[in-house]
Each structure stands twice: as C-alpha cells, then as structure tokens.
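Structure first, commentary second.
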2 protein chains.
Amino acid sequence: MTKIPLPGSPVRGSKSGAPVMALLDLLGRRWAMGVLWTLCQGGPATFRILQERCESISPAVLNSRLKELREANLVERTTEGYAATKLGQELFGHLEPLGAWAKIWGKSLAPHQDIV
Amino acid sequence: MTKIPLPGSPVRGSKSGAPVMALLDLLGRRWAMGVLWTLCQGGPATFRILQERCESISPAVLNSRLKELREANLVERTTEGYAATKLGQELFGHLEPLGAWAKIWGKSLAPHQDIV
DNA sequence: CTCAATGCTATCTTTTTCATAGCAAACTTG
DNA sequence: CAAGTTTGCTATGAAAAAGATAGCATTGAG
C-alpha cells in the first residue's frame, strides 16, 4: 500500500519529516487538494457524489486519497458521507485564498496565450 | 512532454480550466510546491544547489518542475540562477502560513503516533 | 589545453495514476 | 421477502509520472 506522509517520519523532501514537508507531500498528490476543496466547497458527499464532483477521478485514486486524508485527520466519515474535519476546514481556510489569487495569476498569464 | 496546466484550458478536475483548478493541478505535482518553497525560503539557486536543497529530487523531475513553474510565470532565471518571480513570491505568501499550521496539525496527530 | 563545475539529457526501474469492470452489502419496492 | 438500485469499494491491465544513476556538452578558470 502507498505510504501515507505524516509529520514525524521521513517524507519526500525531508529526512526529518518536518511537518510542512509532510503536508506538502500529502497535498502534492493528484487530487489531494481537489478532494479537500470540493468537500469544503460543496459540503459532505458520498463516495459517488464526490466522484461526480471531481469530474474525472478514478475510484481507486479517490479511495486512496480519502484514506490518506482520513489518516491525516483532515477528512472523516459522517452520516452524510465524507466530510472535512474541523482541521480539514482550517486547512482549507488557508487554501481558499488561492482561488482568488489564481484568477489574478490567470490574467497575468493571459497576454501570452490569449484566453478567450 | 508533460502537459503544463495553465488556466483557460482543460486540466484535471475541470473541463473549463478554472484558474484555481489549473493551479491545484500545477501545484499538485511532486516537488512543485517544494521547489517554490525552497526558492523563496533560501533565495535564488543554481540547478545543482536546488537539487541539494531538495535532498532527494532527481534532475529529470527538477527540470520538469522548473519548466512548468517558469511557464506559469512563478519562477525565472536570473544571473544568480533560478529565482521566484514576483508572482511566485506572492503565491508563496499564501502558502507560507501552511508552515505554522502544519505544526499544529502535527501536534493534533501526535497522540495517535507518538512523535519523538 | 586541462580540469572542475554547471545544466541538463538518457535510460531503466519503480510508483502512481487512469480507465474500466464488477462485486458485496445496504436500501427500496412491490 | 425476492428483485432491482444505489453505494462503496476492489481488481486488473495499461499508461504516465517519478526515482536513481550515468554521463555528456558547455562554460569558465587556471
């Protein structure tokens, strides 16, 4: 099984397992941020609903990411399906500003590629 | 060559290429955030220095990430080597708080795994 | 010219991710 | 309660990405 990056043990980018490196390793996997994002933006969701919201994630990967995020205490299962934990929402709070920033970033890039 | 996610064209998680999804796709690749992080924290660096700072990145991947980050206008080459652009530093500004948050996260996880 | 440092490319192996199919368990319905 | 649905996930094979190493073409010193 895939190794789950948690602070305290060696992860990619840090032999000491510095918390931020463990976090970057965890979030730097396909769909990790995307799943957290859609859970926080769209609210709790069942496995299949989550699959739909993500548009193109395969069940195997979704399952892996969910396991990792749950192990990391960022996501949990509730009667409503999967949901971000308090900690997960806190993290999302830090990620959310990226939404607005991304638009500015997109505009600054536009001159080079003619976005319609 | 690897496709570089930029806002405006379809990326993983969004057929419309919503800026934030393009950003998450870009950053959700191994070492993407790590490279930006070390460039912003440690200052400009040559290819090899960057390799050392990252501890375990392979040149092929570092090269890919650098290309992507440059294409995205987050990193550029200067006389001092690679450096974060103004835009890159701005993004880092949003990412940096994760460092402190990760420590809290680590503590909340500690009870479950006895960090030394 | 010789030598070392720099910036990468090549190549091969291991992991991850993707794309599908499909199954077991929990619900619904009739 | 039998039959059909929905849900949550596992299985499988193929493709893409990442990791580990070796090494080559410049560049700049000496």
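Throughout, a chain's letter reflects where its sequence line sits, starting with A, and its residues are numbered from 1.
For A/Arg65 (side chain) and A/Arg30 (main-chain N/O), a donor-acceptor pair under 3.5 Å exists by modelled atom type.
What separates CG of B/Leu50 from C1' of C/dA5 is a distance of 16 Å, to the nearest Å. Between the C1' atom of C/dC18 and the CZ atom of A/Arg29 lies a distance of 17 Å, rounded to the nearest Å. If you take CH2 of B/Trp31 and P of C/dT16, they are 14 Å apart, rounded to a whole angstrom. Distance CD1 (A/Ile57) to C1' (C/dC18): 11 Å, rounded to an integer number of Å. The nearest whole Å value for the distance from the CZ atom in B/Arg30 to the P atom in C/dT14 is 16 Å.
For B/Ile104, there are no side-chain contact (heavy atoms from CB on, under 4.5 Å) partners two or more places apart in sequence or in a different chain. Scored by the side-chain contact (heavy atoms from CB on, under 4.5 Å) test, A/Pro59 finds A/Phe47, A/Gln51 as partners (sequence neighbours excluded).
Sorted by first and then second residue, the ring-ring contact (aromatic ring centres under 6.0 Å, His included) pairs with a member in residues 60-81 of chain B form an empty list; sequence neighbours excluded. Listed by first and then second residue, the side chain to side chain donor-acceptor pair (under 3.5 Å) pairs involving residues 87-102 of chain B are A/Glu90-B/Trp101, A/Trp101-B/Glu90 (not counting sequence neighbours).
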Using residues 80-88 of chain B as the side-chain source, report each donor-acceptor pair under 3.5 Å to any protein atom, sequence neighbours left out, with the distance given to one decimal.
residue	atom	partner	partner atom	Å
B/Thr85	OG1	B/Asn73	O	2.8
B/Thr85	OG1	B/Leu74	O	3.2
B/Thr85	OG1	B/Leu87	N	3.3
B/Thr85	OG1	B/Gly88	N	2.9

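In this structure, A/Arg65 does not reach the C/dT16 phosphate: none of its side-chain N or O atoms is under 4.0 Å from OP1 or OP2.
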What string of B, S and - do you get for nucleotides 3-12 of chain D, 5' to 3', if B is base contact, S is sugar-phosphate-only contact and - is no contact with any protein heavy atom under 4.0 Å?
----BBBB--
